[in-house]
Amino acid sequence: MAEKLTPREKNFSEWYVDVVLKSKLADYSDVKGCMVIRPNGYAVWENIQRGLDGMFKATGHKNAYFPLLIPESFLRKEAEHVEGFAPQLAVVTHAGGKKLEEPYVIRPTSETIINSMFARWIQSYRDLPMLLNQWANVIRWEMRTRLFLRTTEFLWQEGHTCHETDAEAEEETLRMLEVYRTFAEEWMAMPVLAGLKSDSERFAGAVRTYSIEAMMQDRKALQAGTSHNLGQNFARAFGTQFQGRDGQQHFVWQTSWGASTRLVGGLVMTHSDDAGLVLPPKLAPTHVVIVVIGKGEERGPVVAKAQAVAEDLRKAGLSVLVDDDESKGPGFKYFEYELAGVCLRMELGPKDLAKGACVLVRRDDRSKESVPLDQAVAVARAKLDAMQKALFERARAFRDANTFVVGSLEELKKRADDGFLVAQWCLAPACEARIKEETGGVTSRNRPFTLKQEPGSCVVCGNPSPGAWVWSKAY
RNA sequence: CGGGGAGUGGCUCAGCCUGGUAGAGCACUUGGUUCGGGACCAAGGGGUCGCAGGUUCGAAUCCUGUCUCCCCGACCA
């Protein structure tokens, strides 16, 4: 039931939890650090999957599925990889009532087990490129969890590809990052900065990691997708080789890239407000709810009309709910559907019917308009398109208004909670570490492609710097 | 893991200090009246008080342990 949410101003974290719980996206489970994704939340995830999966297929990838359990020895084959993931692993030591000869690790990511198969499947350059994707769950033991943003088990998609050359792998890495950028901006209406990650933020086992970074309403950054150029690191560890055009054996060049249910959290923190969930139409499970108004006998014709309009809207490709529940008043329902994040509310009552009209209310700005019924479908679609666009524009304006160029460590400290900070950095890990320490958690987010690289001097040490990076506190 | 807070019908919480066999509001069910921004009346159903020990004639209440969640830090998608 719709209790009041904690306002964002008062406590952003509590607001976030309130929205997720009360809009029934997810619930806590009895398993520590794990959540249950409820039908509302799963419907959003399914829409995300649909969108991304279509883009993966369009870029030549095929879906496959690899085991949840990975022999521990596989993880050990790539030194940096094990080291990076060791603290987060869940390990199965017993099965079938007996202690296992070799423990299994529950996958935190699948590079190793997939490479064990790539090594068997790839013989020749004619087998390349190999472009696979897997939709799966993974487990990473976390100290502190947050609904959708960081849970012990989460759902994601991990792409794994093999290429003949380094250049092709790099091209693929950037291509998939661009897929994420496009998806984030065009589907999620979430503006992002696509760019290079620093070495300290690089995926364990990768040569280079790229990310897309979004700004949430509390001005903190959310890494919303990553794409890695793995070079030949895993290929060497697993002997994934092919006979090249030159007749020689070569290790394949690989990439991997992933996006997770964290995106749902990003959606919430980007668009929602103190009344509840706001979802971009392209991902919203319900586009329109038709609230039937009226009492007793006057309801009959209204319900009939509502159903007819719903049918028309559905034919136009919209997802529609008709609410003719007589036991609740309309006002109550308005609050409920706003909380649930339905994009458009259509109010339909006897007065509207008399005029041959209905009232349409947009969730994001609550703008209200009386619309002739014969134009309802066209207007609804136009409003949804406008809403999709408006959400993106508003989020972008917010991000831009909270992005600052800073010229010194002092300024960086002062603005630590203000948003995205653009600062020159000499690339020395020590300077990066110092920023994190002195600012109470500001880290390098990435070096956006769109950020012009002009030489300057590092805000920490003053040494020459090749260009600026974006810094922020992050989820 | 450190600091702070909280676990009592589905939800929000009272009761705990000063032990005596569990209560309110909301939600839910049924019937009726309502319906353009959170309707009302009446009747009803629902809780081994997070879990496990202990003290006691008797524990929601006192003691010990443990689990979970929230907030703030350290690690991470």
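Throughout, a chain's letter reflects where its sequence line sits, starting with A, and its residues are numbered from 1. Here the structure is a predicted model, which means the values were calculated and not measured.
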Answer with yes or no whether the side chains of Tyr337(A) and Asp323(A) bring together a donor and an acceptor at under 3.5 Å.
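The criterion, which ignores hydrogens and geometry beyond distance, is satisfied for Tyr337(A) and Asp323(A).
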
So what does Tyr334(A) hit on the nucleic acid, given a heavy-atom distance under 4.0 Å: a base, only sugar-phosphate, or nothing?
base

Would you mind classifying the nucleic acid contact of Thr226(A) as base, sugar-phosphate or nothing, using non-hydrogen atoms under 4.0 angstrom?
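Here Thr226(A) touches no strand at all.
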
Measure the distance from [atom1] on [X] to [atom2] on [N] and round it to the nearest whole Å.
X	N	atom1	atom2	answer
Tyr16(A)	rC71(B)	OH	P	11 Å
Tyr28(A)	rG10(B)	OH	P	19 Å
Lys473(A)	rG73(B)	NZ	P	7 Å
Leu149(A)	rC70(B)	CG	C1'	15 Å

Thinking salt bridges, do Lys413(A) and Glu410(A) make one under a 4.0 Å N-O criterion?
yes

Of the listed nucleotides ([options]), which one gets closest to any side-chain atom of [X]?
X	options	value
Phe335(A)	rG37(B), rG36(B), rC70(B)	rG37(B)
Pro350(A)	rC71(B), rG36(B), rG38(B)	rG36(B)
Glu142(A)	rU34(B), rG37(B), rC75(B)	rC75(B)

For rU68(B), the Watson-Crick or wobble partner whose two distances fall under 3.5 Å
rA6(B)

Taking the side chain as every heavy atom from C-beta outward, state whether Pro191(A) and Phe398(A) have any atom pair closer than 4.5 Å.
no

